[in-house]
Amino acid sequence: MRNIVLDGRDPLRQWRRTPVTTAAALLSLTLGIGASTAMFSLLNALLLKSLPVHDPQQLVTFTRPGSTNPLNFRLSYLMFDALRRDGGGLNGVAAYGEQPVNIAPAGQPARNARALFVSGSYFGLLGVPAARGRMLTGADDDVAAPARVAVVSDAFWRGTLGADPDVVGRTIEIVHQPFTIVGVVDRRFLGLTIGQGFDVALPVTSYDMLYKEGRLKVGQLSWLVTIGRLPAGAVMSEVEAGLQPVQARVIRGTPMPEVVAASLLKTPWRLMQTSTAMAGVRVSYQRPLL
């Protein structure tokens with residue numbers, strides 16, 4: 001022990017004699033360790049981790065031929081609704097769109113937040129549980145009478161709502177309209193877009209109630225990312241091969257100008273396996289990150 005103390009005295013003396021150099025060295029070590037930790041966390045999230053959902057290997061995302069990022073391909077609400085009713089050879093489909101919103105929890109000023117507008121099948125299809133309360137369901141997603149309900153992320157619950165144990169049933173204002181919180185999402189689920197996350201999830205049919213744009217009624221306005229679940233034992237290429245007649249039925253059954261329908265039919269639908277938290281980001285940024 002005495003030898004260790006003696007061995008350490010000389011370096012300490014040197015450090016005291018050159019405080020600027022010592023400070024620079026310590027700062028460099030701190031920044032290096034911090035940067036390495038941050039980079040590994042990003043690599044782990046984008047390249048290594050699987051989706052925190054039920055059977056992620058069965059999840060697929062609709063895309064177009066040659067696309068490396070499925071988020072570049074979207075469907076209108078009416079097209080998604082037609083696909084949902086058709087089935088398309090999948091064990092369920094779901095859709096979501098991202099949108100910044102203003103949220104004002106009771107007694108707090110309004111703040112910017114990130115919302116997910118999700119179909120009623122979204123959380124059920126993914127198998128994401130609620131940490132408190134319940135998740136959104138198909139009963140909340142009625143286009144004729146959208147429910148004024150929301151689920152919040154674990155981070156929003158803890159950070160903005162103070163980890164309120166009685167959060168279920170609490171009212172918050174979203175775009176100046178009251179919504180009732182019915183659940184808190186499991187803390188492991190941060191959404192399907194790594195690096196962005198979300199604060200609140202709302203029924204997709206509540207979009208027009210908030211913004212009065214009529215977006216849900218325009219057949220050619222594509223804004224929803226669409227995902228599906230393969231049947232047990234199904235081969236993705238075989239399910240994909242059967243999409244052409246499904247695509248034709250969906251597009252022809254959706255009100256839109258003929259020239260738009262003809263254009264959409266020229267680009268066949270494809271499926272991309274969504275076995276990571278963000279397949280598109282993984283593909284796009286894998287090489288630069290490595």
Side-chain angles (χ1 to χ4, degrees), residues 51 53-65 67 70-97 116-129 135-147 189 191-192 201-207 215-256 260-275 279-280:
L51 279 169
V53 300
H54 177 67
D55 289 338
Q57 70 279 1
Q58 293 180 344
L59 289 177
V60 291
T61 304
F62 281 71
T63 184
R64 60 168 58 89
S67 175
L71 295 189
N72 291 334
F73 177 79
R74 306 199 176 211
L75 298 180
S76 69
Y77 173 77
L78 289 179
M79 291 172 65
F80 163 72
D81 190 51
L83 174 63
R84 177 185 59 80
R85 287 183 276 105
D86 187 288
L90 294 162
N91 273 358
V93 293
Y96 69 95
L116 284 181
F117 288 88
V118 303
S119 65
S121 55
Y122 180 80
F123 290 110
L125 185 81
L126 294 175
V128 174
M135 305 303 284
L136 299 178
T137 68
D140 302 314
D141 195 31
D142 183 354
V143 71
F189 184 71
L192 300 182
L202 308 172
V204 68
T205 51
S206 68
Y207 186 94
R215 178 175 289 199
L216 302 181
K217 301 176 182 178
V218 182
Q220 67 269 29
L221 182 56
S222 300
W223 64 291
L224 294 172
V225 178
T226 303
I227 58 177
R229 184 172 287 279
L230 296 172
V235 179
M236 185 173 68
S237 59
E238 295 177 356
V239 175
E240 185 181 71
L243 281 181
Q244 187 172 354
V246 176
Q247 178 183 0
R249 288 195 298 270
V250 166
I251 293 175
R252 289 300 181 189
T254 300
M256 68 179 73
V260 176
S263 176
L264 291 175
L265 287 169
K266 292 178 181 178
T267 303
W269 291 351
R270 293 288 183 263
L271 299 175
M272 178 179 286
Q273 190 171 30
T274 314
S275 58

Does the side chain of [X] reach to within under 4.5 Å of the side chain of [Y], using non-hydrogen atoms?
X      : Y      : value
Pro56  : Thr274 : no
Leu75  : Trp269 : yes
Tyr207 : Trp223 : yes
Leu192 : Thr61  : no
Leu202 : Leu116 : no
Leu90  : Phe62  : yes
Asp81  : Val143 : no
Phe80  : Val204 : no

If I compare all heavy atoms of [X] with all of [Y], which pair ends up nearest, and what's the gap?
X      : Y      : result
Leu78  : Lys217 : CD1-O, 3.5 Å
Leu224 : Ala95  : CB-CB, 4.0 Å
Arg229 : Leu125 : NH2-O, 2.8 Å
Pro231 : Asn91  : CA-ND2, 3.4 Å
Phe73  : Arg64  : CD1-NH2, 3.9 Å
Tyr122 : Ala94  : CA-CB, 3.6 Å

Arg252 CZ to Leu264 CG distance, which is reported to the nearest 0.5 Å: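 Going from the CZ atom of Arg252 to the CG atom of Leu264 covers 10.0 Å.
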Under 3.5 Å: donor-acceptor pair, side chain of [X], backbone of [Y]:
X      : Y      : result
Gln220 : Met256 : no
Gln58  : Ala234 : no
Gln273 : Gln57  : yes

Using only heavy-atom distances, determine whether the side chains of Thr205 and Asp141 contain a donor-acceptor pair under 3.5 Å.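 Per modelled atom types, Thr205 and Asp141 side chains form a pair under 3.5 Å.
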